[in-house]
Number of protein chains: 2
Amino acid sequence: MNNKRVTSFDVAELAGVSRSTVSFVFSEDKQSRIRPETRQKVREAAEKLGYYPNASARALASNQSNTIGLIMTRSPRYIASDNFLPQIIGGLLDIVNQAQLGLLIEWVEPGQQIETYLQLTRAKHIDGMIILTPRFDDPGLTALEQIDIPCVLMGQIPECDLPYVDIDNRASAKLAVDYLIELGHRQIACITNAATAYSSASQRLEGYRDALKAADIALDESLIRIADFDAASGYTQMKDLLKEYPRFSAIFVASDNVALGALAAIHDAGLSVPEDISLVGFDDIPEAAFYYPKLTTVHTPAKEIAEESCHLLMQLLKGETPFSRTINIPTQLIIRESTRMIERSHITTC
Amino acid sequence: MNNKRVTSFDVAELAGVSRSTVSFVFSEDKQSRIRPETRQKVREAAEKLGYYPNASARALASNQSNTIGLIMTRSPRYIASDNFLPQIIGGLLDIVNQAQLGLLIEWVEPGQQIETYLQLTRAKHIDGMIILTPRFDDPGLTALEQIDIPCVLMGQIPECDLPYVDIDNRASAKLAVDYLIELGHRQIACITNAATAYSSASQRLEGYRDALKAADIALDESLIRIADFDAASGYTQMKDLLKEYPRFSAIFVASDNVALGALAAIHDAGLSVPEDISLVGFDDIPEAAFYYPKLTTVHTPAKEIAEESCHLLMQLLKGETPFSRTINIPTQLIIRESTRMIERSHITTC
DNA sequence: AGAGATTATTAACACGCGTTAATCGACAAT
DNA sequence: ATTGTCGATTAACGCGTGTTAATAATCTCT
């Protein structure tokens, strides 16, 4: 219940040294400058007084806040049902904690991007930022390119020169659809993970197209639906898509979250997976292995993505030149129980 | 590409006023002090120069960071698979954004609590904090009681005097189990949502006991298992519990996340829900309505909890005396398809 | 032992803004 | 015109720390 805030001055006084010495002790960079016994004295004094360096003062003086920002590109309504997010946050927290950094979470409204990015960076609330799920139509990104603040994209925007960490969405999606084709399916529907303004969504859709083309299957636009991150949208889109059944025997759903909703719609229609419809998801969120049926899906190493993004950003913060400004994390098709060889009956049906 | 940072001094110069005037314009409190036309001049100058008040300097001078902390009481490994979290974060972001506050996410390691709380509060990185899922065995909480910093618990700790926002876990759990009993079940198992060191876990377990006692059903400790937040632990515990089958015809799983794993274990054992086992979950996460079968569960208004916590904290920050330091959010049993009347066969079996 | 070289320590300024108390200016009443 | 009053504006100090350049202390070598 100390009524007065304790500052480095108090510590200095108690330790019988100057304030600068205290400051040196607490900025671990130049360890060698202070004699070990002096350092010890200071540490003890600080301990006794319960001294914690003031973050704001430190940030002001040193011009770095020791905090990084995680910027989300969608509204809280969609954030609330994104089961990919905890993995990202968990991964970031892990690294950030080790590096003694803070993690600030922000959300940017479409149309406000430039303003928000500038505000965040200029106000120096954060030293750098990670942008989760960037959008093609984000004018703020080009603005960021011209600014000094370190910034890493979790996801790739083709025209954009910012450093990024991503998976190869297009190739991974193709992998998934290839597998369906390999199982004998020729009529394959698709539900995206999000609006195509999100790079991951359009890239995964491209992968779907690639696979069909490679197998000489004509693209049927009527078998494509656009979802919105969550299971509810997957349910709605699948329900709509089922009007076309049995014009398809398999489906690629570009997000496990969305796939869960799609599964429910299929069950509600009295059909089953994989007997009537084979389904491949994307992301391999931790729950995917427990869905009914257990989801065949593309494993996206969320933790690794988070960690690599964070490492990359930290390198940029230190002014180091990273080995590469762009990092691609490999994915992997996980085969579980939501897919199977096409039924002979199905082949004759159409 | 301004090579020099723009400060309030620059704005003042361009607007032809003093720095103080600029400061007054940007702290919206005392609007009346500045003449509208002067205000306008300042705003235009700021706009033209691209001025953003420096957060650190502001925090240092005013002694408030305009940032609140969300403190999580478990390791990143468990954070990564918590599907309740996005709802909380979404809810907080919404409010925090409106109030022009920042949201800092932290994680506290068991054993480090006091140290971490002190560091966070004394360093003034944050003005106040919300502690998610508090633990009984957290010695930091009593430390916090004696400190000036505003703090709100999301969850209740009986011996603890800190303000909190919570649901009535015990009564809600009882509600869920009551419903199972009402359906004719007398042999009811239970899997907790987490270790009993977490208040919500032990309270929900208490509710389970209450219900049994109220119905004069003897408690069978061998039908209780402890899970760890995620589906994987639910799977493991259910698998173990199934050794006791058919000594139970229904189960209360105190978290939808965990319930998903339990469902998978039941399916894997060749049984079905609700035909062989009725299952009630807890939380009503957005996905629960899409599980197979759709989960009967206790709806926990996560968004509301987040919002109320944030509002309460903001009141405390402003120094206002809130109407109540403790807020209880009502829950509701949502009946879907994972529960049904007990089979006659089951009754005769035992 | 004394001069030079090296290291440990400190004084002093800077960081950008909030805020109080004092100053300035305009306008009304006398 | 002078004084008084009130509101708009500013000067100046403080917030707590980082950091450079200068000083003090210690050590090395002849």
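Treat the numbers as computed from the prediction; the structure is a model and nothing was measured. Residue numbers start from 1 in every chain, and the chains themselves are labelled A, B, ... in the order their sequence lines are given, proteins ahead of strands. Just so it is clear, the values below take in all heavy atoms, side chains as well, and ignore hydrogens, waters and symmetry mates.
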Hey, could you give me each pair passing ring pair (Phe, Tyr, Trp, His ring centres under 6.0 Å) that has a residue in residues 114-135 of chain A? Not counting sequence neighbours. none
In whole Å, what is the span from the CD atom of B:Gln40 to the P atom of D:dA8? 17 Å
Looking at C:dG18, C:dC15, D:dT17, which one has an atom nearest to any side-chain atom of B:Arg58? C:dG18
Flag this pair as yes if the NZ/CZ of B:Arg19 is under 6.0 angstrom from the six-membered ring centre of B:Phe9 and inside a 45 degree cone about the axis; otherwise no. no
For B:Ile71, the option from B:Leu120, B:Ile105, B:Thr116, B:Ile130 that meets side chain to side chain contact (heavy atoms under 4.5 Å, CB included): B:Leu120
Nearest-angstrom distance from the residue atom CG of A:Asn54 to C1' of D:dG14: 13 Å
CG-SG distance between A:Leu70 and A:Cys310, expressed to the nearest 0.5 angstrom: 9.5 Å
Counting only heavy atoms not in B:Gln100, do more than 12 sit closer than 6.0 Å to its CD atom? no
Contact residues, residues 9-21 of chain B to DNA chain D [heavy atom, < 4.0 Å]: B:Val17, B:Ser18, B:Arg19, B:Ser20, B:Thr21
Would you kindly check if the NZ (Lys) or CZ (Arg) of B:Arg135 is within the cone defined by 45 degrees around the ring axis of B:Tyr198 and under 6.0 Å from the six-membered ring centre? yes
To the nearest 10°, give me the bend of the helix from C:dA1-D:dT30 to C:dT30-D:dA1, comparing the axes of its five terminal pairs at either end. 50°
List the residues meeting salt bridge (Lys or Arg N to Asp or Glu O under 4.0 Å) with B:Arg58, not counting sequence neighbours, and say none if there are none. none
Does any pair with a residue in residues 63-82 of chain B pass ring pair (Phe, Tyr, Trp, His ring centres under 6.0 Å), and if so which ones, sequence neighbours excluded? B:Tyr78-B:Phe229
Could I get a table of every N or O pair under 3.5 Å where one atom is in the protein and the other is in nucleotides 23-28 of chain D?
none

Thinking salt bridges, do B:Glu47 and B:Arg43 make one under a 4.0 Å N-O criterion? no
Between the side chains of A:Arg77 and B:Asp94, is the shortest nitrogen-to-carboxylate-oxygen separation below 4.0 Å, so that they form an ion pair? no
Could you check how far CZ of A:Phe26 sits from C1' of D:dG16, rounded to whole Å? 13 Å
Short side-chain N/O contact from B:Thr38 to OP1 or OP2 of D:dT9, under 4.0 Å: yes
A:Gln64 atom CD is separated from D:dT17 atom C1', nearest whole Å, by 13 Å
Look only at the side chain of B:Asn66 and the backbone of B:Leu101, and say whether a donor-acceptor pair between them is shorter than 3.5 Å. no
Given atom CG of A:Leu60 and atom C1' of D:dG18, what is their separation to the nearest angstrom? 10 Å
Regarding A:Gln40 and A:Glu44, do their side chains bring together a donor and an acceptor under 3.5 Å, going by distance alone? yes
May I have the distance from A:Lys41 (atom NZ) to C:dA8 (atom P), rounded to whole angstrom? 13 Å
A:Asn63 CG to C:dA14 P, in whole Å, measures 16 Å
Mind calculating the distance between CZ (A:Phe24) and C1' (C:dA12) to the nearest angstrom? 13 Å
If the cut-off is 4.0 Å, is B:Ser23 near the phosphate of C:dC17, judged by side-chain N/O to OP1 or OP2? no
Whether A:Tyr52 contacts D:dT17 is assessed here as follows: a side-chain N or O lying under 4.0 Å from the phosphate OP1 or OP2. Is that the case? no
